[in-house]
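As structure tokens, the structure follows; a few thoughts come after it.
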Amino acid sequence: MSRRATGCGLLLALALLAAPAGAELRPVARPADLTGPIAAPEASLAPTDIAVTPEARPAELGSGAGAEDAPALASADPAQRLGPVTHLPLPRFVTLKTSEGNVRRGPSLTHRIDWVFVRRGMPLMVTAEYGHWRRVEDVEGFGGWVHYALISGTRNVLVEEDHAPLHRRPDASSPEVAELEEGVIARLEECTRDWCRLSVSGFRGWAEKSALWGVFPEEVLD
């Protein structure tokens with residue numbers, strides 16, 4: 001029997017990490033608190049993926065505000081360039097490691113905050129580097145500059161296909177161990193050319209790479 005993780009709750013014991021994939025905008029200063037339980041399946045998390053926060057306070061980031069984003073496993077694409085600061089591939093995927101991260105218009109604390117990322121664990125694509133700052137984009141292409149202390153080289157992916165099956169082996173004919181709804185975030189463990197092994201809520205299995213955002217099409221991870 002397959003089990004199903006939903007974007008706003010859990011069916012048959014997969015709950016955690018789920019929310020609509022699309023980043024939406026709200027004219028609010030701060031997102032709603034997401035730490036409490038979701039009372040009903042109708043509860044919407046989509047508007048808080050990214051919230052407009054023109055008045056938001058700057059993050060209090062000192063010189064010791066965290067370690068540099070850890071090296072991410074590189075894409076097999078030889079055309080990738082290396083970042084001038086980290087010498088890691090650009091673009092590359094990282095993960096938001098906080099539940100609230102200010103996204104600025106430029107690479108300094110003096111630049112205006114355009115967005116606040118509020119979904120811990122969401123995958124982001126790094127497209128540029130400058131000092132302690134990284135320019136990132138989410139699945140919708142929204143983003144800007146974040147301090148390196150807010151991101152991690154841990155690899156997560158976002159499920160983009162509704163009811164994506166999680167198979168026991170990297171084979172569409174193998175048994176399903178779970179079914180993931182669009183918007184579920186899962187830990188990325190391994191990838192072949194067409195399949196990735198994921199871990200989510202204690203379940204582990206293989207999903208087709210084409211159903212995921214947070215890994216490059218030609219990327220192979222061991």
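Along the sequence shown, the residues carry numbers beginning at 1.
Judged purely by atom type and a 3.5 angstrom limit, Arg104 has no side-chain atom pairing as donor or acceptor with the backbone of Asp114. Asn156 contributes a side-chain N or O that, together with a main-chain N or O of Gly121, makes up a donor-acceptor pair within less than 3.5 Å. Thr86 places a side-chain N or O within 3.5 Å of a backbone atom of Leu88 that can act as its donor or acceptor partner. For the pair Glu181 (side chain) and His163 (backbone), a donor-acceptor distance under 3.5 Å is absent. No donor-acceptor distance shorter than 3.5 angstrom exists from the side chain of Arg155 to the backbone of Pro123, with no hydrogens or angles considered.
Heavy-atom minimum distance, Leu166 versus Arg204: CD2-C, 4.2 Å. In this structure, Gly183 and Arg119 approach most closely via the heavy-atom pair O-NH2, 2.9 Å. Nearest approach of Gly83 to Leu90, heavy atoms of both residues: CA-CD1, 3.5 Å. Residues Lys209 and Val215 share a closest heavy-atom pair of CG-CG1, 3.7 Å.
The ring of Trp115 has its center closer than 6.0 angstrom to the ring center of Phe142.
We find the CD-CG distance between Glu100 and Leu150 to be 10.0 Å, quoted to the nearest 0.5 Å. Atom CD of Glu176 and atom NE2 of His167 lie 5.0 Å apart (nearest 0.5 Å). Summarising the geometry, atom OG1 belonging to Thr95 is positioned 9.0 Å from atom CG belonging to Leu188; distances are rounded to the nearest 0.5 Å. In this structure, CG in Leu180 is found 10.0 Å from CD in Glu161, a value given to the nearest 0.5 Å. Distance CG/Leu198 to CD1/Ile185: 12.0 Å, rounded to 0.5 Å. One distance of note links CG of Leu124 with CH2 of Trp213; it measures 6.0 Å at 0.5 Å rounding.
Side-chain atoms of Phe93 and Val126, non-hydrogen and from C-beta on, never get closer than 4.5 Å to each other. Side-chain contact between Arg134 and Val85: present, with at least one pair of heavy atoms (C-beta onward) separated by less than 4.5 Å. Taking the side chain as every heavy atom from C-beta outward, Leu158 and Leu212 never approach each other to under 4.5 Å. You'll find the side chain of Ile151 reaches within 4.5 Å of the side chain of Val146, heavy atoms only. Side-chain contact between Thr154 and Lys97 is absent, with no heavy-atom pair separated by less than 4.5 Å. Looking at Met122 and Phe117, their side chains come closer than 4.5 Å, going by heavy atoms from C-beta outward. Taking the side chain as every heavy atom from C-beta outward, His147 and Trp133 approach each other to under 4.5 Å. Counting heavy atoms from C-beta outward, Arg112 and Asn102 have side chains that stay 4.5 Å or more apart.
Among residues two or more places apart in sequence or in another chain, the side-chain contact (heavy atoms from CB on, under 4.5 Å) test is passed with Arg169 by Ser174, Pro175. Residues passing the side chain to side chain donor-acceptor pair (under 3.5 Å) test with Glu137, sequence neighbours excluded: none. Residues passing the side-chain contact (heavy atoms from CB on, under 4.5 Å) test with Ser210, sequence neighbours excluded: Glu208. Under the side-chain contact (heavy atoms from CB on, under 4.5 Å) criterion, Pro170 pairs with Trp195, Trp206, sequence neighbours left out. For Ser108, the side chain to side chain donor-acceptor pair (under 3.5 Å) partners two or more places apart in sequence, or in a different chain, are Thr110, His111. Not counting sequence neighbours, the partners of Arg193 by the side chain to side chain donor-acceptor pair (under 3.5 Å) test are Glu218. Residues satisfying the side-chain contact (heavy atoms from CB on, under 4.5 Å) test with Pro217, not counting sequence neighbours, are none.
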Using the rule given for salt bridge (charged side-chain N to carboxylate O under 4.0 Å, His left out), can you reason through Arg92 versus Glu129, listing the C-alpha separation, both sets of side-chain angles and the distance that settles it, and then say yes or no? CA-CA 11 Å; Arg92 67 179 182 275; Glu129 303 177 346; 2.9 Å; yes
Step by step, work out the side chain to side chain donor-acceptor pair (under 3.5 Å) result for Thr127 and Arg135. CA-CA 6 Å; Thr127 60; Arg135 189 171 67 199; 3.2 Å; yes
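Applying the disulfide bond (SG atoms under 2.5 Å apart) test to pairs two or more places apart or on separate chains, none has a residue in residues 113-157. Legend: disulfide bond (SG atoms under 2.5 Å apart) pairs involving residues 117-166, not counting sequence neighbours: none detected. Applying the disulfide bond (SG atoms under 2.5 Å apart) test to every pair with at least one member in residues 162-222, sequence neighbours left out, gives these pairs: Cys191-Cys196. Each ring-ring contact (aromatic ring centres under 6.0 Å, His included) pair with one or both residues in residues 170-192, not counting sequence neighbours, would appear here, but there are none. Here ring-ring contact (aromatic ring centres under 6.0 Å, His included) pairs that include residues 169-193, with residues two or more places apart or in two chains, number zero.
Hydrophobic clustering, with ILVMFWY side chains joined whenever heavy atoms are under 4.5 angstrom apart, keeps Tyr130 apart from Leu82.
No side-chain N or O of Thr192 forms a donor-acceptor pair with one of Asp194 less than 3.5 Å apart.
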